[in-house]
2 protein chains.
Amino acid sequence: MLLLTTSVRHSIHVGIDNMEKTMTYHHGNLKQALLDRAAEVIAEQGIEALSLRGLARDVGVSHAAPARHFRDKKALLSALANEGYLRFSAYVTDAAEKAGADPVARYNAMGRSVIRFALTYPAYFATFNHPDVSQAADEGLLKSHKEYMEIVLMAAAQAQAAGWQPDIDPLVLMAFSSAAATGTANMLSNGRGSDIFKGRDMEVLAEQIINLVVPPSADQCAQPNDIKVRQGENA
Amino acid sequence: MLLLTTSVRHSIHVGIDNMEKTMTYHHGNLKQALLDRAAEVIAEQGIEALSLRGLARDVGVSHAAPARHFRDKKALLSALANEGYLRFSAYVTDAAEKAGADPVARYNAMGRSVIRFALTYPAYFATFNHPDVSQAADEGLLKSHKEYMEIVLMAAAQAQAAGWQPDIDPLVLMAFSSAAATGTANMLSNGRGSDIFKGRDMEVLAEQIINLVVPPSADQCAQPNDIKVRQGENA
DNA sequence: CCAACATGTTGCTATTGACAACATCAGTCC
DNA sequence: GGACTGATGTTGTCAATAGCAACATGTTGG
């Protein structure tokens, strides 16, 4: 079933290039088929259940065929993480766009979208957060990650310019909010703590937490005329 | 070498129970030796490099011996995670004690200690944060984790009573701070972002971030009677 | 002393990752 | 048009591993 699904989907891709023959050549585009099936397997059974041979079976090729496209398992995971990261990045950027013009509201929306992504696409999130992957991250993944961090950094700086945490180093702000958002996403997407949070709406919880990171709009930042604290520097 | 170290260390343990015979019986206490060696391997080469057979070799027993003590690899990791979690919990509690009486300062210190633990004992931290482990968490680990969360929850509530975030659900506060601390610890202990944070002192960075989660002392919480400063005059 | 038990060993099978040699197909060059 | 080349996939193989079963050895208690 699943293999058919993917195969068919890819035969369409192939069809774009070679109209006539839909599936003549060996497989079509094995590479993408493997990535797609890998995402399915991870979503269903977790990363540890992933095997190159299993993927090959599912997709209907011999056990060594994947080696042509992915040197080893890590390379496949790395590629999948890359794909997921691009979606993730687009997802977060999109959330910012939809939030309107207020930089603080945009930043808040980005934070919430991080968690929503983790809950919506757990396979991708689990993949590019997996220790094995980030340990053996290839060139492209590092680059994607850095670009994403820079996007967040700019968004943080803009939120700051709109009144959020005016006295803090933007890089620290970025690190803080990224860590909080990612940490929350991790906490809510894997089982940990599900006991204590049982019965809570994840979306609501996520929103409450993110609102502690950055307010939902600029007019809720501490403003010049607000009560403000300044009793010593935060080292 | 390493095996000798562990063997000797454990023969001491054994000696406590049976004074005379230090190492007569098959190994001594294989279980703890395996756990210790596992911690070493993880620290050196990461979790994915861990194999039961490799551990058995290192410790000097046959390949099937570990099975008597750990049904499978996950069981060993689970036990190791449990051990690490106890240390972690004690470490954080200890940090709170050393921070004195101010509940806010205590909570802040706990947050910093989470990150310090991750940087000091990366093997333990990586183990009980590893997806495989938390996915297949056994009874004891879940219980340890829940107890820890309740300790943090109480500490959060006490910090709140001392003036921190008076209007927020304590459970949300706990989730927020845990996620932020754990997320930061993850970010700093694995390589991710090391590029952007290059050249920064991890301890300082951690402190700055945690100070955004909870102020370093109760008198720095936003309070009606605090010194009020117009933002324009700051900085 | 013997029986039950815990602990460790040896041997086996199945799965997996990784590699090498070979086969097939497409496009190109002469 | 036919051989060359490169990309893709197949078959065969090897080493490492997990997991199981049968057996051996040391320990303990009746």
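Naming: A, B, ... by sequence-line order, numbering from 1 per chain. Fair warning: this is a prediction, and the values are worked out from it, not measured in the lab.
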For Arg68(B), which residues count as a side chain to side chain donor-acceptor pair (under 3.5 Å) partner, sequence neighbours excluded?
none

Sequence neighbours excluded, which residues qualify as side chain to side chain donor-acceptor pair (under 3.5 Å) partners of Arg87(A)?
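Residues passing side chain to side chain donor-acceptor pair (under 3.5 Å) with Arg87(A): Tyr124(A).
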
Suppose the criterion is ring-ring contact (aromatic ring centres under 6.0 Å, His included): which pairs have a residue in residues 80-99 of chain A, not counting sequence neighbours?
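For residues 80-99 of chain A, and leaving out neighbouring residues, the ring-ring contact (aromatic ring centres under 6.0 Å, His included) pairs sorted by first residue read Tyr85(A)-Phe88(A), Tyr85(A)-Phe128(A), Tyr85(A)-His145(A), Tyr85(A)-Tyr148(A), Phe88(A)-Phe117(A), Phe88(A)-Phe128(A), Phe88(A)-Tyr148(A), Tyr91(A)-Phe117(A).
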
Do the side chain of Asp94(A) and the main chain of Ala90(A) share a donor and acceptor less than 3.5 angstrom apart?
no

Are any side-chain N or O atoms of Asp138(A) and backbone N or O atoms of Leu141(A), one a donor and one an acceptor, separated by less than 3.5 Å?
yes

Counting only non-hydrogen atoms, which of residues 72-79 of chain B are less than 4.0 Å from DNA chain D?
Asp72(B), Lys73(B)

Output the rounded distance in Å from CD (Glu48(A)) to P (dT16(C)).
13 Å

Nearest whole angstrom, please: distance from the C1' of dT8(D) to the CD of Gln32(A).
17 Å

Qualifying residue, where the test is side chain to side chain contact (heavy atoms under 4.5 Å, CB included) with Met174(A) and the options are Leu153(A), Ile151(A), Asp169(A):
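For Met174(A), the side chain to side chain contact (heavy atoms under 4.5 Å, CB included) test succeeds with only one of Leu153(A), Ile151(A), Asp169(A), which is Leu153(A).
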
Provide a list of protein-nucleic acid N or O atom pairs under 3.5 angstrom, restricted to nucleotides 13-16 of chain D.
from: dT13(D); atom 1: O4; to: Arg53(A); atom 2: NH2; distance (Å): 3.4

Which residues pass the ring pair (Phe, Tyr, Trp, His ring centres under 6.0 Å) test with Phe70(B), not counting sequence neighbours?
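With sequence neighbours excluded, Phe70(B) shows a ring pair (Phe, Tyr, Trp, His ring centres under 6.0 Å) to no residue whatsoever.
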
So if I take every side-chain heavy atom of Ala64(A) and compare against dA18(C), dT11(D), dG9(D), which nucleotide ends up nearest?
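Of the options given, the side chain of Ala64(A) lies nearest dT11(D).
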
Among dT10(D), dT9(C), dG9(D), which nucleotide sits nearest the side chain of Val61(B)?
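Minimum distance to the Val61(B) side chain belongs to dT9(C).
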
Glu97(B) with Arg106(B): basic N within carboxylate O range, under 4.0 Å
yes

